[in-house]
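Read the structure below first, then the notes.
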Amino acid sequence: MRLLVTGGAGYVGSVVAAQLVEAGHEVTVLDDLSTGHQDAVPEGARFVQKCITEARDELDGMDAVLHFAAKSLVGESVAEPGLYWSNNLGGTLALLDAMRERGVGRIVFSSTAATYGEPERSPIEESDPTRPTNPYGATKLAVDTALTAFARVRELGAVSLRYFNVAGAYGRYRERHMVETHLIPNVLKVATGERESVSVFGTDYPTADGTCVRDYIHVSDLARAHLLALAAIEPGEHRIYNLGSGTGFSVQEVISVCREVTGHEIPAVVGERRPGDPAVLVASSARIERELGWKAERPALRDIVSDAWQALSGKA
Ligand code: UFG
């Protein structure tokens, strides 16, 4: 297929673009490089430096769009909601309009667990209430809502994938955020000497060891789900799938695994809770397993951390 991958110079987008190229698709990456890296665009993909509101001319002849380009920092979204609404919702609506104009009727959308907010039960299923607790989650939910409505009237075929905590690396493709807020890369940066210690944001949560529990999914497993989603798109239908490994690990457990994998003592300093963090976020991925036959191939946290470490320490 001929595919446009927006945000394909970012972490998840670059891994998906690489897997699409490997599967024999003709891939164009569109990225404004506001947070992405040009050297993350895989060999064999065409690269266009543009933002999503300028995607129109790149859509001619495309069979589908995989849409990753977005602002994705929860804290920044609270401080600058306008940036998130205009980029994530406004930008996506412009992209959807351009797709309609150029006759491109299929999209795979990068959604998030942040659409659910504070969960009522664990693991979270797709039918559970969506009550985002920050503008980032609200903008992603707004796009999901728009996709459902557009699918009905426009014969658009869409699949939203709601990621839980993505980590790990795929060969040389790894997480490289300019402002790193995520736990695993921050812990590993202590082992490389880039940071002196890692902060544990709160030890008084109602969990076994008092730290927050998250569901970590290997970026390679996550990326594979996009290829399955692409093949499953039906015109007039919008499907939503959670993507996690189905098992929760606490912040302390993650730090312990990172110590084992790196052989570094990784000093941890207990700090205050980070505002807006739910105690436990674990996905039920039963729907995508049942309907698309997806299964995590590298669900073990040790493998996820180990792959992230290999790529970060230059051994991948
Ligand atoms: N944490 C620390 N120290 C750090 C970084 C994180 O203790 O230096 C803790 C956080 O408080 C949280 C856990 O580690 O309890 C995981 O934090 P991350 O920032 O790695 O991930 P989040 O669970 O906050 O965020 C993820 C995605 C978001 C998405 C969110 C859904 O990265 O994009 O899940 O709630 F919005």
Side-chain angles (χ1 to χ4, degrees), residues 7 10-13 35 68-78 81 84 87-88 109-119 122-124 128 130-144 160-168 175-177 179-191 194-219 222 242-245 248-258 266-283 301 304-305 308:
Y11 173 42
V12 178
T35 54
F68 301 93
K71 295 279 166 201
S72 64
L73 295 175
V74 170
E76 184 185 55
S77 80
V78 175
Y84 278 68
N87 265 274
N88 295 2
F109 176 60
S110 170
S111 188
T112 169
T115 53
Y116 294 109
E118 186 76 49
S122 186
I124 300 172
D128 285 357
T130 41
R131 288 185 292 241
T133 50
N134 54 65
Y136 168 62
T139 61
K140 289 281 180 171
L141 179 61
V143 172
D144 280 346
S160 292
L161 300 177
R162 290 188 172 158
Y163 315 159
F164 282 63
N165 289 63
V166 190
E175 203 162 357
R176 270 197 287 165
H177 296 115
V179 183
E180 192 50 80
T181 61
H182 292 141
L183 180 64
I184 291 178
N186 274 340
V187 178
L188 293 179
K189 280 180 178 183
V190 182
E194 263 182 85
R195 295 175 60 120
E196 279 191 3
S197 63
V198 62
S199 304
V200 177
F201 297 148
T203 51
D204 58 350
Y205 285 94
T207 59
D209 65 17
T211 64
C212 289
V213 169
R214 294 289 182 273
D215 181 343
Y216 295 88
I217 175 169
H218 197 295
V219 68
L222 178 78
N242 287 344
L243 274 165
S245 297
F249 292 95
S250 72
V251 172
Q252 292 290 14
E253 286 172 323
V254 170
I255 297 172
S256 295
V257 170
C258 291
I266 309 184
V269 177
V270 172
E272 294 292 303
R273 285 186 177 199
R274 188 172 66 178
D277 274 343
V280 179
L281 278 179
V282 177
L301 184 58
I304 295 174
V305 168

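Counting starts at 1 for both ligands and their atoms, in listed order.
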(request) Pick, from Ala114, Gly271, Ala70, the option with the minimum heavy-atom distance to atom 31 (C) of ligand 1. (result) Ala114

(request) Output yes when a side-chain donor or acceptor of Asp215 lies under 3.5 Å from a complementary backbone atom of Ser245, and no otherwise. (result) yes

(message) For Glu76, is there any backbone N or O sitting under 3.5 Å from a side-chain donor or acceptor partner on Tyr136?
(response) no

(request) Counting heavy atoms only, name the option from Leu281, Val198, Val251, Thr115 that's nearest to atom 9 (C) of ligand 1. (result) Val251

(request) Go through ligand 1 atom by atom and flag the ones less than 4.0 Å from a non-hydrogen atom of Tyr136. (result) 33 (O), 36 (F)

(request) Please answer whether the main-chain N or O of Lys71 pairs with a side-chain N or O of Asn88 as donor and acceptor at a distance below 3.5 Å. (result) yes

(message) Can you tell me how far apart CG (Asp277) and CZ (Phe201) are? Round to the nearest 0.5 Å.
(response) 8.0 Å

(request) Calculate, to the nearest 0.5 Å, the distance between atoms CG and OH belonging to Leu301 and Tyr216 respectively. (result) 7.5 Å

(message) How far is atom 5 (C) of ligand 1 from the closest protein heavy atom, and which atom is that?
(response) Thr181 O, 3.4 Å

(request) Specify side chain, backbone, both or neither for Arg214, according to which of its non-hydrogen atoms lie closer than 4.0 Å to ligand 1. (result) side chain

(request) Please tell me if the side chains of Pro132 and Thr115 come closer than 4.5 Å, counting only heavy atoms from C-beta onward. (result) no

(request) Return yes or no for this condition: an N or O of Asn165 is under 3.5 Å from an N or O of ligand 1. (result) yes

(request) Specify the protein heavy atom at minimum distance from atom 29 (C) of ligand 1: its residue, its atom name, and the distance to 0.1 Å. (result) Thr112 OG1, 3.6 Å

(message) Within the 4.0 Å heavy-atom shell around Val74, which atoms of ligand 1 are there?
(response) 36 (F)

(message) I need the nearest protein heavy-atom contact for atom 4 (C) of ligand 1: residue, atom name and distance, please.
(response) Phe201 CE1, 3.4 Å

(request) Identify the two heavy atoms, one from Gly7 and one from Phe68, that lie closest to each other, and give their separation to 0.1 Å. (result) O-CB, 4.1 Å

(request) Pick, from Leu183, Ile255, Thr207, the option with the minimum heavy-atom distance to atom 6 (C) of ligand 1. (result) Leu183

(request) With heavy atoms of Val200 as the reference, note each atom of ligand 1 found under 4.0 Å away. (result) 7 (O)

(request) For Val282 and Phe164, work out which heavy atoms get closest and say how close. (result) C-CE2, 3.8 Å

(request) May I ask you to decide if Ser110's main-chain N or O and Lys140's side chain share a donor-acceptor pair within less than 3.5 Å? (result) yes

(request) Would you indicate which of Arg274, His182, Arg162, Glu175 comes nearest to atom 32 (O) of ligand 1 when only heavy atoms are counted? (result) His182

(request) Check each atom of ligand 1 against the heavy atoms of Asn186 and keep those under 4.0 Å away; list them by number with element. (result) 8 (O)

(message) Quick check on contacts: which atoms of ligand 1 are under 4.0 angstrom from a heavy atom of Cys212?
(response) 15 (O)

(request) Show the numbers, then the answer: is there a side-chain hydrogen bond (donor to acceptor under 3.5 Å, both in side chains) between Asn242 and Tyr116? (result) CA-CA 11 Å; Asn242 287 344; Tyr116 294 109; 2.7 Å; yes

(message) Would Ser199 count as a polar contact of ligand 1, with the cut-off being nitrogen or oxygen pairs under 3.5 Å?
(response) yes

(message) Give the atom numbers and elements of ligand 1 that come within less than 4.0 Å of a heavy atom of Asp277.
(response) 10 (C), 11 (O), 12 (C), 15 (O), 24 (O)

